[in-house]
Amino acid sequence: MNASSSKTIQTDALVVGAGPCGLFQVFELGLQGISAHVVEALPYSGGQCAELYPDKPIYDIPAIPVCSAIELVKRLEEQIEPFNPTFHLNQLVSEVVPTDDLTFLVTTSAGTEFEAQTVIIAGGVGSFQPMPLRVDGVEEHIDKQVFYRLRDTSVVNDRDVVILGGGDSALDWTIDLIDQARSLTLIHRSEKFRAMESSVRKMQEFVDAGRMRFMVGNTTGLAVQDGRLTGVHVTQPTGDVEELPCDRLLVFFGLSPTLGPIAEWGLELDRHNIVTDTEKFETNVPGIYAIGDIAIYPGKRKLILSGFHEAALAAFAIKQQLNPGQKVFLQYTTTSPIMHQRLGVDGNVK
């Protein structure tokens, strides 16, 4: 469910970030009988998985030998359906103000206001902004013929494609799109790559087989005809400039992480990470929790699996915070009638 309202929304839990860990946090809160609203900067849920590598296989999710990133997101979305969370997409949390009654007044970039008992930050390592291609006139072609992110690969079908970059994203997309493009050229400023050696070897095999071209150089200009991108100007190390045909330009110079407004919330930070404990995954501000890649503590490993564990313990802690003086019992989804009721399942189903 998506929503946005000018009225202040009352909620027990506000989850910031709708990546896999944020989605699983909704599930764990739901098991505890806690409803949640979710704020996500992107116009869709999925976080970095959906944004950076939607089609890439993931092999380390328990009981799922392999699934794509976007498939994992869809399964998590299906899993939280019984709890009917409300999503507020395409907006950033811009301000969090503690009140005297131990709640938080939260405002987003879209003007949505919340009064939240707890806030759980599940925003990866912050919001990512792609490092831009700095050539004249590129702005008018972004998301038309120039792409910093690629969600629909059909846009390159039978096109002259140029990919810029030397990291994993650039090499991965080069390998993935080789069969779809009419022509494909990878351009990087040097012959030294930041990608996995196996990907570089695979790319070189395509070059040797004549299936694509690799150039050392920098893109210094665009060729445009009748308002459409038709080519790119590449300045080579010799100083020579070559124009390549191009009607799809994919720019993968990397993404720059930034905490944005989170850096102003009074939280204890370690570079781009938020310091938490390992019992509740609570920050130095009581009532604000952090899970997933953005959370840091001794022994932290940035795995989706770790984030799922953090979400579970945070949910128990939040249940205790919302019900002071009451014991929070561990109940198993296998046998607990209360859990079955919350999940909307028949406990006798085999």
Side-chain angles (χ1 to χ4, degrees), residues 48-61 64-72 128 130-133 135 138 141 145-223 229-255 302-304:
Q48 294 172 43
C49 274
E51 186 74 351
L52 302 184
Y53 44 92
D55 297 321
K56 299 304 174 187
I58 298 175
Y59 298 97
D60 61 350
I61 304 300
I64 303 177
V66 60
C67 68
S68 70
I70 200 66
E71 181 184 359
L72 175 62
F128 281 90
M131 298 177 65
L133 172 64
V135 298
V138 69
H141 302 287
Q145 291 179 273
V146 178
F147 300 91
Y148 291 111
R149 303 175 173 97
L150 193 63
R151 289 186 58 80
D152 179 9
T153 60
S154 68
V155 300
V156 307
N157 288 349
D158 199 30
R159 301 287 185 173
D160 294 316
V161 178
V162 173
I163 296 179
L164 308 183
D168 284 317
S169 292
L171 271 294
D172 286 347
W173 281 116
T174 296
I175 295 168
D176 288 348
L177 300 178
I178 190 73
D179 292 324
Q180 293 179 236
R182 177 169 56 216
S183 69
L184 193 150
T185 303
L186 174 66
I187 300 172
H188 184 43
R189 65 178 181 269
S190 76
E191 294 184 350
K192 295 181 179 180
F193 294 89
R194 305 183 309 279
M196 293 178 59
E197 290 185 12
S198 58
S199 298
V200 176
R201 286 197 301 270
K202 189 68 173 178
M203 180 273 295
Q204 191 60 57
E205 290 175 5
F206 289 148
V207 172
D208 294 342
R211 299 182 63 189
M212 61 167 287
R213 184 180 181 188
F214 168 64
M215 290 183 65
V216 176
N218 291 289
T219 300
T220 52
L222 305 179
L229 177 69
T230 60
V232 293
H233 298 150
V234 181
T235 301
Q236 302 175 64
T238 59
D240 295 334
V241 178
E242 180 176 346
E243 180 176 324
L244 296 178
C246 172
D247 51 14
R248 293 294 184 268
L249 181 60
L250 311 182
V251 183
F252 299 116
F253 288 156
L255 297 169
K302 292 189 176 183
L303 299 169
I304 294 175

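As a basis for the values below, the full set of heavy atoms in this structure was taken, side chains included, without hydrogen atoms, waters or symmetry mates.
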**OP:** Would you mind telling me which of L184, V161, L177 makes a side-chain contact (heavy atoms from CB on, under 4.5 Å) with M212?
**Re:** L184
**OP:** Can you spot which of D247, V138, L250, L249 makes a side-chain contact (heavy atoms from CB on, under 4.5 Å) with Q145?
**Re:** D247
Quiz: residues 232-245 side-chain donor-acceptor pairs under 3.5 angstrom, not counting sequence neighbours:
from	atom 1	to	atom 2	distance (Å)
H233	NE2	E243	OE1	3.2
T235	OG1	T220	OG1	2.8
T238	OG1	D240	N	3.3
T238	OG1	D240	OD2	3.2
E242	OE1	R213	NH2	3.1
E242	OE2	R213	NH1	2.8
E242	OE2	R213	NH2	3.3

Do [X] and [Y] have side chains that approach each other closer than 4.5 Å (heavy atoms only, starting at C-beta)?
X    : Y    : value
D160 : T185 : no
I163 : I187 : no
D60  : L303 : yes

What's the spacing between [X] [atom1] and [Y] [atom2] if we round to 0.5 Å?
X    : Y    : atom1 : atom2 : answer
R182 : D158 : CZ    : CG    : 5.0 Å
C246 : L164 : SG    : CG    : 8.0 Å
R248 : S183 : CZ    : OG    : 12.0 Å

Tell me the closest heavy-atom pair linking [X] and [Y], and the distance in Å.
X    : Y    : answer
Y148 : L133 : OH-N, 2.9 Å
L186 : A170 : CD1-CB, 4.3 Å
P132 : F253 : O-CD1, 3.7 Å
N157 : T153 : OD1-O, 3.9 Å

Which side-chain N or O atoms in residues 194-208 pair as donor and acceptor under 3.5 Å with protein atoms at least two apart or in another chain?
from	atom 1	to	atom 2	distance (Å)
Q204	NE2	D208	OD1	3.1

**OP:** Run the numbers on D179 and R211 for side chain to side chain contact (heavy atoms under 4.5 Å, CB included), then give the verdict.
**Re:** CA-CA 9 Å; D179 292 324; R211 299 182 63 189; 2.4 Å; yes
**OP:** Take atom CZ of R189 as the centre, draw a 6.0 Å sphere, and report whether it contains more than 12 heavy atoms from other residues, nucleotides or ligands.
**Re:** no
Original post:
Is the side chain of T230 donor-acceptor paired with the backbone N or O of A223 at a distance under 3.5 Å, no angle test?
Top reply: yes
Original post:
V216 and H188: side chain to side chain contact (heavy atoms under 4.5 Å, CB included), yes or no, with the steps?
Top reply: CA-CA 5 Å; V216 176; H188 184 43; over 6 Å; no
Original post:
How about F214 and F193: are their ring centroids closer than 6.0 Å?
Top reply: yes
